[in-house]
Amino acid sequence: MKRNVNIIDVLVIIAVAVIIAAGATILSKPTDEPTYSSTVILEVKEKTSDFCKIPKEGDTLVDYGKKTEIGKIVSIKTKKSSSDLTSIEDGKIVKSEMPDRYDLLLTLELHSLENEPKIGTGLSVQGKTYVCAGHVVEIIDSGEVAK
Amino acid sequence: MKLIDEKGRLFGKVNVVDLCVVLAVIVAIGVFFVKDNSDKVNTSNANATVTYTVEVKAIRDMSVNALKANIDKPIVENSEDKKNLGVISDISVKTATGYIASKKGELIKSEYPDKYDVTLTIKATGLENEKGVYTESGKQLLIGEYISFIADDVQTSGEVVNIEVK
C-alpha cells in the first residue's frame, strides 16, 4: 500500500519536537556546568545603625537577582564608615568618618554559585526582610563542587 | 484494529498530528506557567496591614508638592508589572543636607538651598510568611531596596527603611 507523507504534517511534527525540546531545556538546569562553594567576607558600605541591626548570624540568603538560595551569614562585624571628601579650606581630599554610617563585614558561606567569587566581585544578597549589596573583600575558602 | 489507520488516526478516531499539536500546546502552556510562577507568592489570603517607610532623598519642591497631593492615593511600582504598592498615608519633609570637610577631615553639615528629603509612610494590604513580607500585589518588601514608583502625576524612587506588619 502506498503511503503519502504530507509535508505540512512533517513540518508540524518538527515544530512540536522543537517546542518540546525548548521546554525541556528551559525547565532543566544544565548538569555539566560546575558550581562553586565559597566562604567569603562581603563588605557592605555606609549603612545606617538601624539597618545594621537587621541581618543576623545564621540568616539564609537569596541571590537578589535570581531569587535562588545561595548560602547563609556566618558572622557579622561592623566598623565606622569613612568617606573621601574635598576640604573646603585647601581643596585637598581628606578622609572623614561619616556620622551614623557603618560598613558591614559579613562572613558568608555560599553554595551553588555559577561563578567562583573573586576579591572585588559584587554580590547583592537578600534575607527575609532586607537586601544589601557589596563587594567581596576576602576569600576564606573556595572551590569547585564535585558533581 | 490497527493502532493508527491508513488516514493517520489513532484508534480510528483522533488524528496523530492533531494530537501532537494539542500535546505541544499543553506542554508550552505548562512550561510558561511553571516558569512564570516559580518565584511568585500566593497572596490571595493577604489580610495583614503592612506599613512601610520610604526615604526619598534630595528632590525639588515641585516633586515634594506633587507627592503631598497624593496623600491617601495609591502608588504603583514603576515596572512592567505596575504592581500596586499601597497608599501614601503620611509625608514628612525636611531640607536635604550634605557634608563638606575641613582641612583636618572634620565634617561640616550643610543644607542644600532647594533640595528636600521626604519620608513617605505607605500602607498596604499584605502578608508575612517564612520567605518575607509581601503586598497583596505580590511585591516583596525589603529594607534597603530602592523602589521606583509612580503616583498620580509624579514618579520618583526611594529606599525602604522600615517595615511593620500588623
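Quick note on labels: first sequence line is chain A, next is B, and so on, each numbered from 1.
Follow the hydrophobic side-chain contacts under 4.5 Å out from B:I143 and you reach A:L61 in the same cluster. If you chain together hydrophobic residues whose side chains sit under 4.5 Å apart, A:F51 and A:L123 fall into the same group. Follow the hydrophobic side-chain contacts under 4.5 Å out from A:V125 and you reach B:I163 in the same cluster. Under the 4.5 Å side-chain heavy-atom criterion for ILVMFWY residues, no single connected hydrophobic cluster contains both A:L105 and A:L108. Side-chain heavy atoms closer than 4.5 Å link hydrophobic residues (I, L, V, M, F, W, Y) into clusters, and following such links, possibly through other members, connects B:V133 to B:F149.
Listed for the A:E89 side chain is a donor-acceptor partner under 3.5 Å among the backbone atoms of B:K103.
The two residues A:S96 and B:L107 come nearest to each other via the heavy atoms CB-CD2, 3.6 Å. Nearest approach of B:A101 to A:L85, heavy atoms of both residues: CB-CB, 3.8 Å.
The most heavy-atom pairs under 4.5 Å with chain B, out of A:P99, A:G91, A:S124, A:C132, come from A:P99.
In the displayed structure, B:K83 atom NZ is contacted under 6.0 Å by more than 12 heavy atoms of other residues, nucleotides or ligands. The environment of B:K82 atom NZ is dense: over 12 non-hydrogen atoms of other residues, nucleotides or ligands sit within 6.0 angstrom. Around CD of A:E114, the count of heavy atoms belonging to other residues, nucleotides or ligands within 6.0 Å does not exceed 12. Heavy atoms of other residues, nucleotides or ligands lying less than 6.0 angstrom from CD1 of A:I88 number more than 12.
A:Q126 and B:E145 are not linked by any side-chain donor-acceptor pair at a separation below 3.5 angstrom, with hydrogens and angles left out of the test.
B:N162 does not touch chain A: none of its heavy atoms, backbone or side chain, sits under 4.5 Å away. Neither the backbone nor the side chain of A:D50 comes within less than 4.5 Å of any heavy atom in chain B. For chain B, no part of A:K92 is nearby; none of its heavy atoms comes within less than 4.5 Å. For chain B, the nearby part of A:I54 is the side chain; its heavy atoms alone come within less than 4.5 Å.
From B:Q140, atom CD reaches atom OH of A:Y64 across 9.0 Å, with rounding to the nearest 0.5 Å. Residue B:Y99 holds its OH atom at 12.5 Å from CD of A:E97, rounded to the nearest 0.5 Å.
The shortest distance between side-chain heavy atoms of A:T129 and B:L141 does not fall below 4.5 Å.
Contact check on B:E130 versus A:K128 returns no salt bridge, with no Lys/Arg side-chain nitrogen under 4.0 Å from an Asp/Glu carboxylate oxygen.
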